[in-house]
Amino acid sequence: MNSIKKGWENQALGLLPLLLFLVLDNCFTYLQSFLVSVVFCTLSMLIFHGLRKDKVYAFMLLPASLTFVLYSFFLIFMRIESVLVVYTPLIVEVLFVVVLILIRMTRKGLMRKIRNSEIPAYQRTNALTLLNEFFFIAQIAQNLYTLHLFAVILYSIIPETMQNVWWSRLLYRDLGVIIGVLVIVYEQIRLMMLQGRLRKEMWLPVLNDKGNVIGSIAYSVSRLLPKKYYHPIIRVALVYNGMLYLSKRNAYSCVSPSLLDYPFYRYVLFRQTIEAAVHQAIEKLRVQIKTIEPFPLIRYTFENEKVKHQVSLFIVRINDEKLLEPLKEKNGKLWSVRQIEENLPHGIFSEYFEKEFPYLKNTVLLAENFRLVND
């Protein structure tokens with residue numbers, strides 16, 4: 001089903017019933033073409049209705065089907081057979097553009113309704129992503145077909161001596177099909193490129209308020225939506241002789257960029273255990289100390305105006321200062337409890353660290369210093 005889904009993620013494929021109608025109209029009567037295309041559109045909608053459980057949708061089938069409904073009024077209530085024989089492709093395009101304009105007018109209300117709904121966050125995200133993709137394709141199709149219709153109007157008002165059969169056929173019959181095919185091909189290429197980028201993306205688990213994983217989201221998307229999603233992270237405090245090794249955080253960090261913090265911290269990735277994330281974070285130390293084992297300390301929720309994180313704090317004790325050599329590239333150093341307390345008011349430490357230090361001071365560091373005194 002994954003391979004099927006990848007093929008059907010192209011929302012522009014919903015144009016196929018209309019394109020079939022335009023192609024058949026060149027070979028058969030407009031009525032025969034209409035009936036075949038309506039049957040094809042109906043079957044397509046039934047197929048995608050059955051694929052809903054696999055989260056496979058083709059929203060562009062909706063404006064296509066509405067276009068057929070409007071066209072049926074010409075067949076039933078208007079006696080304009082001579083017009084339909086010649087101008088059916090253009091009439092279909094006009095009706096399709098009108099439908100797309102009306103549908104786009106519902107975008108803001110529909111998006112707002114989904115955002116404010118009580119469905120799970122990951123389902124809301126999936127629905128909003130699919131609808132954004134649909135409206136993106138709808139806008140492209142609307143713009144291209146509108147330009148085509150303007151070109152037809154301009155062509156129709158130029159002197160007949162400047163017109164020829166080849167251009168007339170291209171503008172009145174073939175260009176509508178070409179535009180639809182180009183939209184489908186463009187969207188397929190764009191999706192392939194997007195999927196290539198997403199394979200390199202860092203995917204984070206999304207947690208509910210109880211700390212259970214309910215879905216996943218790309219890190220780049222989550223970062224654009226401050227405090228929208230709840231993610232797990234791990235942090236590892238490095239202790240040596242009752243002191244903490246601290247270095248500057250990444251300058252591009254969401255929280256406390258370039259401020260002092262532990263050298264080891266990272267997001268827990270989707271489908272990755274907390275323990276695996278910790279071992280990955282301290283890999284440089286594990287190369288030197290095969291038996292090093294981080295000790296879990298506390299788990300708490302960190303929240304500010306930008307992020308909401310479930311923090312799992314671990315500690316690692318080392319007995320040899322030489323083991324800090326691989327970390328020198330981060331320009332860090334060892335800090336005593338007294339030095340940290342003297343500098344806390346100066347705002348040089350990360351928000352995480354400022355929240356954790358009182359607990360560390362009264363537990364791990366207190367026990368460490370007590371051990372050193374007794375030794």
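This is a predicted model, so every value here is computed, not measured.
The existence of a salt bridge linking E187 and R190 is confirmed by a sub-4.0 Å separation between a basic side-chain nitrogen and an acidic carboxylate oxygen. Contact check on E303 versus K227 returns a salt bridge, with a Lys/Arg side-chain nitrogen under 4.0 Å from an Asp/Glu carboxylate oxygen. Using a 4.0 Å cut-off between a side-chain N of Lys or Arg and a carboxylate O of Asp or Glu, D25 and R173 qualify as a salt bridge. R338 and E342 are joined by a salt bridge, as a carboxylate oxygen and a charged side-chain nitrogen come within less than 4.0 angstrom of each other.
Within the hydrophobic cluster formed by Ile, Leu, Val, Met, Phe, Trp and Tyr side chains joined at under 4.5 Å, directly or through other members, M192 stands alone, with no partner residue. Apart from I157 itself, the hydrophobic cluster it occupies contains L154, where clustering links Ile, Leu, Val, Met, Phe, Trp and Tyr at side-chain heavy-atom distances under 4.5 Å.
With W335 as reference, F349 is the one residue of Y245, F349, Y240 to meet the ring pair (Phe, Tyr, Trp, His ring centres under 6.0 Å) rule.
At a threshold of 4.5 Å between non-hydrogen side-chain atoms, the residues T363 and Y359 count as touching. At least one side-chain heavy atom of R317 sits under 4.5 Å from a side-chain heavy atom of I315.
Defined by atom type and a distance below 3.5 Å, a donor-acceptor pair is missing between the side-chain atoms of N343 and Q339. Side-chain contact, R299 with S312: a donor N or O sits under 3.5 Å from an acceptor N or O. Between the side chains of Y230 and T301, a donor-acceptor pair is found at a separation under 3.5 Å.
Residues satisfying the ring pair (Phe, Tyr, Trp, His ring centres under 6.0 Å) test with Y219, not counting sequence neighbours, are Y267.
Heavy-atom neighbours of F28 CZ from other residues, nucleotides or ligands within 6.0 Å: at or below the threshold of 12.
The aromatic rings of Y172 and Y155 stand perpendicular to each other, their planes meeting at an angle above 60°, with 30° marking the opposite boundary.
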